[in-house]
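Proteins come first, then strands; the chains are lettered A, B, ... in the order of their sequence lines, and each starts at number 1. Computed from a prediction, not measured in an experiment: that's the story for all the values here.
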2 protein chains.
Amino acid sequence: MYRMTAIKETSTIQENKAYALAQCPVTYVMNRIGSYWKPIILYNLSHGDMRYSELKRAIPAVTEKVLIQHLKQLETDQLIIRDAKPVVPPFVTYRLSAAGHGLIPVIEAMANWAKEAAAGQYDVGKDVTD
Amino acid sequence: MYRMTAIKETSTIQENKAYALAQCPVTYVMNRIGSYWKPIILYNLSHGDMRYSELKRAIPAVTEKVLIQHLKQLETDQLIIRDAKPVVPPFVTYRLSAAGHGLIPVIEAMANWAKEAAAGQYDVGKDVTD
DNA sequence: ACAAGTACTTACCCTATAGTATGTATAGAA
DNA sequence: TTCTATACATACTATAGGGTAAGTACTTGT
């Protein structure tokens with residue numbers, strides 16, 4: 001059998017992931033907001049509280065199942081806070097928690113990069129010399 | 001049949017995604033670095049050029065197939081540059097492109113948040129099981 | 001009476017991604 | 001000669017996540 005690194009011989013992938021997480025701070029972040037939709041949801045909430053239906057309309061490409069699924073996960077991960085008023089029809093708002101607010105610089109940096117890219121700042125062929 | 005919103009009646013999901021992309025800058029970013037491993041790869045490259053084998057050792061949790069797959073994709077997306085010296089054994093280095101460098105603030109913001117969270121600044125991770 | 005709006009839930013399916021395990025070319029070292 | 005290292009490639013499988021469609025509870029408006 002081919003000789004591999006020690007960690008692959010003795011550990012499962014989950015254990016490898018735990019190891020990588022301790023070594024790399026970005027890995028830690030990806031385990032929190034590493035899905036496709038989560039940063040998009042957080043981006044929308046960064047402008048202020050939103051009702052469930054507002055989020056739905058703001059992100060029409062996401063299905064209801066996936067949206068609610070991610071909202072639940074974000075709530076469990078303490079990144080957002082769900083506020084449900086006991087009325088009919090339901091009135092539920094979502095907002096960023098303290099930890100969620102802490103992610104705004106990440107989201108802002110993403111938005112900035114997208115705007116720079118859209119403005120053609122990173123054109124094909126450009127290289128970096130440092 | 002249940003009455004749905006206009007966009008769902010007339011558009012495919014791909015079209016919905018394209019629509020969301022035009023509306024939301026974060027969506028644009030997620031289409032570039034939206035996988036689990038890409039930000040982790042970029043984080044490693046942000047400290048300097050790396051050979052393929054160095055990346056492999058730096059991120060032991062990722063399999064070779066997935067690593068090379070993402071490197072190819074990042075290269076296609078103009079975020080990294082592959083440099084292969086015509087020697088045996090092969091000597092291939094990867095480095096950030098201009099656009100890749102532009103993403104460093106995003107990666108840095110992620111790393112910062114992780115460090116703050118690890119320092120207990122957001123009181124998360126205590127009652128959350130990953 | 002019945003549709004409409006709200007915030008979900010659930011069952012089922014399907015595909016994209018990830019993981020496993022192997023193979024390949026080349027040349028110098030042992 | 002066989003081994004090792006490099007930087008991949010590839011076939012095959014597994015699973016997690018996402019998509020579709022429909023249902024639920026409750027009340028106000030027509």
Side-chain angles (χ1 to χ4, degrees), chain A residues 1-5 7-9 11-17 20 27 30-31 33-38 40-41 49-75 80 82-94, chain B residues 1-17 20 27 30-31 33-38 40-41 49-76 80 82-94 130:
Chain A
M1 184 194 171
Y2 189 77
R3 173 90 183 289
M4 305 187 89
T5 57
I7 192 161
K8 283 196 177 178
E9 280 183 297
S11 301
T12 67
I13 291 148
Q14 290 308 314
E15 283 164 349
N16 282 354
K17 276 203 178 177
T27 299
M30 294 315 286
N31 278 285
I33 57 163
S35 84
Y36 181 83
W37 296 110
K38 278 177 190 168
I40 297 169
I41 293 170
D49 307 4
M50 286 179 95
R51 294 184 67 178
Y52 171 78
S53 54
E54 289 176 318
L55 276 169
K56 226 175 59 183
R57 277 188 290 270
I59 317 172
V62 73
T63 63
E64 287 192 63
K65 194 198 78 170
V66 172
L67 177 58
I68 196 73
Q69 191 174 291
H70 282 107
L71 287 171
K72 296 284 174 204
Q73 189 61 53
L74 288 168
E75 195 195 355
I80 64 173
R82 197 186 91 112
D83 204 349
K85 286 182 183 164
V87 295
V88 167
F91 195 97
V92 178
T93 51
Y94 291 92
Chain B
M1 185 193 174
Y2 189 76
R3 173 90 182 290
M4 306 188 88
T5 57
I7 193 162
K8 283 195 178 179
E9 280 182 299
T10 57
S11 301
T12 67
I13 291 148
Q14 290 310 315
E15 284 164 348
N16 282 352
K17 276 203 177 176
T27 300
M30 293 314 287
N31 278 284
I33 58 163
S35 84
Y36 181 82
W37 297 109
K38 278 177 191 166
I40 296 168
I41 293 170
D49 307 4
M50 285 178 95
R51 292 184 68 177
Y52 171 77
S53 53
E54 288 177 319
L55 276 168
K56 225 174 62 181
R57 277 188 290 270
I59 319 172
V62 73
T63 62
E64 287 193 63
K65 195 198 79 171
V66 172
L67 177 58
I68 196 72
Q69 192 174 288
H70 281 106
L71 287 172
K72 296 283 176 204
Q73 189 61 54
L74 287 168
E75 197 194 352
T76 303
I80 65 174
R82 196 186 92 113
D83 203 350
K85 288 181 184 165
V87 294
V88 167
F91 195 97
V92 178
T93 51
Y94 292 93
D130 290 305

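Qualifying side-chain hydrogen bond (donor to acceptor under 3.5 Å, both in side chains) partners for A:Tyr52, counting only residues two or more places apart in sequence or in other chains: A:Glu64. Considering only residues two or more places apart in sequence or on other chains, A:Asp49 meets the side chain to side chain contact (heavy atoms under 4.5 Å, CB included) condition with A:Arg95. Residues passing the side-chain hydrogen bond (donor to acceptor under 3.5 Å, both in side chains) test with B:Ser35, sequence neighbours excluded: B:His70. Under the side chain to side chain contact (heavy atoms under 4.5 Å, CB included) criterion, A:Arg57 pairs with A:Ser53, A:Glu54, not counting sequence neighbours.
Regarding A:Lys56, its NZ atom lies at a distance of 16 Å from the C1' atom of D:dG19, rounded to whole Å. The distance from atom CE of B:Met30 to atom P of D:dG18 is 10 Å, rounded to the nearest whole Å. Between the CD1 atom of A:Ile80 and the C1' atom of C:dA7 there is a distance of 14 Å, rounded to whole Å. Note: CG (B:Asn31) to P (C:dA16) measures 15 Å, nearest angstrom. Protein atom CZ of B:Phe91 is 16 Å distant from nucleotide atom C1' of D:dC8, rounded to whole Å. With rounding to whole Å, A:Leu67 atom CG is found 17 Å from D:dG17 atom P. Rounded to whole Å, the distance from CH2 on B:Trp37 to P on D:dA16 is 15 Å. What separates OH of B:Tyr36 from C1' of C:dA18 is a distance of 12 Å, to the nearest Å.
Contact between A:Met50 and A:Ala58 at its shortest, heavy atoms only, is CE-CB, 3.8 Å. Listed here is the closest heavy atom pair of A:Ile40 and A:Tyr36: CD1-O, 3.6 Å.
For D:dT6, the OP1/OP2 oxygens have no side-chain nitrogen or oxygen of B:Arg51 closer than 4.0 Å. For the pair B:Gln69 and C:dA18, the criterion of a side-chain N or O lying under 4.0 Å from OP1 or OP2 is met. Applying the 4.0 Å criterion to OP1 and OP2 of C:dA7, one finds that A:Ser53 has a side-chain N or O inside that range. For the OP1/OP2 pair of D:dG18 and a distance below 4.0 Å, the side-chain nitrogens and oxygens of A:His70 include at least one atom meeting the criterion.
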Would you please test A:Trp37 and A:Leu67 for side-chain contact (heavy atoms from CB on, under 4.5 Å) and show each step?
CA-CA 8 Å; A:Trp37 296 110; A:Leu67 177 58; over 6 Å; no
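For the pair B:Val88 and A:Pro90, nearest-nucleotide mapping onto DNA chain C gives the more 5' position to A:Pro90. Ranked by how close their nearest DNA chain D nucleotide is to the 5' end, A:Pro89 and A:Ser35 are led by A:Ser35.
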Under 3.5 Å, which protein N or O atoms sit close to an N or O of nucleotides 8-14 of chain C? Give each pair with its distance.
unit_1, atom_1, unit_2, atom_2, d
C:dC8, OP1, A:Arg82, NH1, 2.4
C:dC8, OP2, A:Arg82, NH1, 3.4
C:dC8, OP2, A:Tyr94, OH, 2.9
C:dC8, N4, A:Glu64, OE1, 2.9

